[in-house]
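Below is one structure, written out as structure tokens; comments come after it.
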Amino acid sequence: MSIKKFTQSLDIDMRLFEADIWNTTAHNLMLAKRGIIEKSTAKDIIKNLNDALSAFNNKKFKFSRELEDVHMNIEDYVISKGGEKCGAMHTARSRNDQVVTDTRILAREITLEIMKNLLNLSDSLIDFAERSTVIIPGYTHLQQAMPTLASHWILAYTDAFLRDFERLNDSYKRTNLCPLGSAAFAGTSFNINRHWTAKLLGFDGLIENSLDGVAGRDFIAEILADLAILSATLSRLSEELILFNSYEFGLIEISSEWTTGSSIMPQKKNLDIAELTRGKTGRIYGDLVNILVLLKGIPYSYNRDMQEDKFPLFDAGDELNSILKILAEMSKGIKFKDQEQINKKFSHEIIATDMASQLVIKGIPFRKSYNIVKNAINKGDFSEINKIAGNEISKINVENCVQSRKITGSAGYVEVERMIADRKKKIEKFYEIVEEKRKRTEGAKIMTKKEIRNLCG
Ligand code: ARG
């Protein structure tokens with residue numbers, strides 16, 4: 001094992017290629033505008049950067065493993081094509097600010113993609129809720145507790161995913177800030193314009209302190225914390241789908257295109273997508289722990305440890321994007337069984353709390369009502385309850401339990417309908433947030449192209 005082989009980061013940072021070209025282009029446009037490098041030199045640099053990108057996109061770019069990373073490979077390409085004078089491209093910059101600028105560009109793309117996929121999943125879940133009008137057993141301690149609405153259960157997860165969206169939207173504010181111009185860590189004596197490059201690269205502002213700019217990786221930790229929280233909810237949803245799909249629970253059916261078989265047991269319809277989603281949670285928590293441990297105790301500014309920061313970010317981002325996409329599709333193939341089949345699954349006692357409530361209506365304090373119902377269930381003798389509440393007790397069933405719930409957020413028909421309408425509007429608004437952010441970065445790309453045309457004609 002040679003030192004070059006051991007220290008290279010090409011395998012992972014190749015993914016920064018396009019961001020790196022944009023970054024270096026913006027930097028050189030600025031250097032030319034400020035008169036720090038000759039306009040003609042900047043023109044050559046930018047032309048060769050553009051060629052490098054075309055070669056890369058056509059899978060023709062030849063990477064050299066002798067060079068440490070994507071940044072050195074691109075610089076080498078530009079200098080070898082444009083001559084020594086193109087070595088000016090790295091004026092007033094260091095790989096330390098270069099790499100973290102690229103990483104922030106990728107981090108914002110990953111965040112946006114996850115935000116969009118969270119909305120697609122939420123959208124599918126709303127559809128699922130709308131077509132799931134049945135009453136199902138609701139659980140505490142995995143024991144039947146109260147009758148509830150399937151749609152209310154689905155909406156609970158939707159709300160959690162919309163909060164995940166909001167968390168990512170919030171961390172985006174701290175991700176989309178530009179460290180370029182920090183150079184090695186102390187800034188530079190060249191009169192660069194940091195605000196202008198930040199604008200060309202679609203950032204909303206600067207990471208102002210140059211030391212903070214190259215040393216800070218809290219944006220990655222924050223995104224990964226958001227993703228770990230999201231994974232926790234995804235794994236709980238997966239677990240419930242696996243349970244509900246079992247013979248014992250028998251609450252849902254999943255179209256066979258989303259299940260997998262067994263090599264020996266012909267009857268199997270396994271929910272591997274949910275099992276893998278649950279399983280990958282460990283990996284995504286691992287990615288969070290990875291970055292936290294990586295950052296623990298490394299002195300400011302740059303240390304080579306930081307080269308490892310991209311693995312957890314890309315891994316968690318890629319895994320979650322595929323999980324969210326497949327769950328959004330799969331949820332279209334899930335349906336609750338019909339009410340008649342589900343009715344067979346209710347325990348007799350599932351209406352116990354509503355019985356106690358009926359006694360409360362008859363004027364008995366709740367704790368006494370609770371004890372009366374508890375005794376009746378234990379003895380299997382309901383005569384005392386019947387004496388107090390008469391035939392109202394015998395009328396209690398899962399349907400009117402659900403009917404009677406009208407307070408905000410409860411598992412009753414009216415509230416579920418209201419929440420569905422409300423969440424639909426929220427999702428629409430959230431799509432606009434993603435769209436605005438995309439437009440902003442697209443706009444910055446267009447602005448950079450315009451500046452290239454101004455320079456190169
Ligand atoms: N390959 C490095 C990374 O990904 C680039 C920065 C190197 N900086 C340095 N001072 N050696 O982090």
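Order of listing sets the numbers, starting from 1, for every ligand and every atom in it.
No more than 12 heavy atoms of other residues, nucleotides or ligands lie within 6.0 Å of CD in E208, so this atom counts as exposed by the packing criterion. Around CZ of F185, the count of heavy atoms belonging to other residues, nucleotides or ligands within 6.0 Å does not exceed 12.
Side-chain contact between V100 and D309: absent, with no pair of heavy atoms (C-beta onward) separated by less than 4.5 Å.
For R423, the salt bridge (charged side-chain N to carboxylate O under 4.0 Å, His left out) partners two or more places apart in sequence, or in a different chain, are D159.
Between F128 and Y157, the gap from one ring centroid to the other reaches at least 6.0 Å.
In this structure, R34 contributes its side chain and I192 its backbone to a donor-acceptor pair below 3.5 Å.
Ordered by chain and residue number, the residues placing a heavy atom less than 4.0 Å from ligand 1 are S9, E68, D69, R95, N96, V99, Y302, Q307, K310.
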